[in-house]
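Written out below as structure tokens is the structure these notes cover.
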Amino acid sequence: MAPADFTTGTRPVKAPRGTTLTAKSWQTEAPLRMLMNNLDPEVAERPEELVVYGGTGRAVRSWAAFDAITRTLESMEADETLLVQSGKPVGVFRTNEWAPRVLLANSNLVGDWANWPEFRRLEAEGLMMYGQMTAGSWIYIGTQGILQGTYETFAAVGRKLREAGRIPTPADPNAGPLAGTLTLTGGCGGMGGAQPLAVSLNDGACLIVDVDESRLRRRVGKRYLDEVETDLDTAIAKVQAAKNEGRGWSVGYVGNAAEVFPELLRRHKAGEITVDIVTDQTSAHDPLSYLPEGITVDEWQSEAAADPETFTKKAQSSMARHVEAMVDFQDAGAEVFDYGNSIRDEARKGGYDRAFEFPGFVPAYIRPLFCEGLGPFRWVALSGDPEDIAVTDAAIKELFPENKHLHKWLDAAAERVEFEGLPARICWLGYGERAKAGLMFNQLVKDGKVKAPIVIGRDHLDSGSVASPYRETEAMADGSDAIADWPMLNALLNTASGATWVSLHHGGGVGIGRSIHAGQVSVADGTDLAAQKLERLLTNDPGMGVIRHVDAGYDRAVEVAKERGVRIPMMEGN
């Protein structure tokens, strides 16, 4: 097979809106629209190359594969299943109405061959693609998809610092948990672009560094970032003023984090700026997506393509300096954490031996939520009408009247989040809550309160769907960080529970050789069959998170299992 062609057949892609079906049912219309939505220029980073986010995360392998997938989805019957191997449709089989309409496997390699050189060799031969998480599983919803999780993480950081007395309590009792703090971070692409808004929604000041000014400008255009500066002194003055006033505000600075972080550290130590929190979300998982010092943005792609091995070494060397500055910030009293992009391990490879002295965000802030099956729950209005999202927002608030934190998020999202592509929303819900929400959405469709069916999915970054020792499963209580049985069981269970499409991927946001993860998506189309599927799927999927953490020895997970009736054979009779 010839290498993938990203130019032949290139054209703008936009998902259909309204209630007119292109496919034979909503169960196949939904994956069709969501695939197209992933490649909408409003959503994707480089849609002409089929790249959705993360530098290389593709929705499909080639334009020929895109055409074949869309053509197949349009013609499939209600009891057929399409198989997609690393972005290429390879078969359609007759199954049953409860089976998924699409099964996807992306970027999966046998252990000894699971490395970047082997993956790139296969990709160059047109045999694989990098699916990231929601890119290759057709449920990316733009930067909002990671925004709420980022918002929750930064809120947890602020609460931790305030409870420890490391930041002062604001005079305003209604101030957010980051009021009076300054966060320094890097990377404002498809995922990292959520950081400045997440910080400012928590009333913190944020200085975010990116080498590519166009990324920063795009985030300003979408209201995720307040402004862009090319002068460092001016950028510092603006965020320091916001910090002093306890005001949420974000400034993007155009520069290389490997150079800017050490300079800001010097100024922090000199008392010119006070940085409270430091993290990073550059595309460090793939060294070819991280720009080393001494190479311009214009030279980036050609330099990486000409000599990937040398470029990788230069990138790892720059990441070593980048991470060294982060460790030094921690030594100087700042709260520092890895935001799941593998930069610590790349810095270690670059020669820095203290790279793992600050924690990942999951063990530091999120694991207690995972023990309850809490995680990202996202939905999309297939009608394309923003009013349908307003209806679902109101319904979620009515369904969970006591959850004021959830209400605050939904209100903030309605006010501040600009939709990218099909209108969508995300919030974090736990075991028991997701099934209630799914059934409620299905009833809204059945009653005609929304104009078309609702797609329900999630990030692969969830409580029971991933094995990732540098991120979601870092520092598990029983040392089971690298056991990948759990995401595989998750994919199998979701296939058996009525999901409309299920995916099993390798690599994700941390890179080849570092994670296995699974995703699921379902369709609330207002039918009784959909209600049965949603109740099982949206109970079982987060239930995997509960049993995963029970097995690892977390007391809170054991409590949740007992309180909510999760059957665990080794606990029965005790």
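A salt bridge links D345 with R348: the closest approach of a Lys/Arg side-chain nitrogen to an acidic carboxylate oxygen falls below 4.0 angstrom. Ionic pairing of D210 and R219 is not present here: no N-O contact between side-chain nitrogen and carboxylate oxygen is shorter than 4.0 angstrom. We find that E474 and R344 are joined by a salt bridge, their nearest charged nitrogen and carboxylate oxygen being less than 4.0 Å apart. A salt bridge does not link D203 to R247: none of the charged nitrogens lies less than 4.0 Å from a carboxylate oxygen. Of the charged side-chain nitrogens involved, at least one lies within less than 4.0 Å of a carboxylate oxygen, so that R458 and D541 count as a salt-bridged pair. Look at D338 and R471 and you find no salt bridge, because none of the NZ, NE, NH1 or NH2 atoms lies under 4.0 Å from a carboxylate O.
A salt bridge (Lys or Arg N to Asp or Glu O under 4.0 Å) with E372 holds for exactly one of R556, R367, R548, R434; it is R556. Just one of Y151, F154, F337 meets the ring pair (Phe, Tyr, Trp, His ring centres under 6.0 Å) condition when paired with Y365; it is F337.
The salt bridge (charged side-chain N to carboxylate O under 4.0 Å, His left out) check on K449 picks up nothing, with sequence neighbours excluded. Under the ring pair (Phe, Tyr, Trp, His ring centres under 6.0 Å) criterion, W379 pairs with F377, F441, not counting sequence neighbours.
Here the two rings, on F361 and Y339, have centers that are under 6.0 Å apart.
When the shell of 6.0 Å around NZ of K436 is examined, it contains 12 or fewer heavy atoms from other residues, nucleotides or ligands. Annotation for D555: atom CG does not count as buried by contact number, only 12 or fewer foreign heavy atoms lying within 6.0 Å.
Without hydrogens or angle criteria, R159 side chain to L178 main chain gives no donor-acceptor distance under 3.5 Å.
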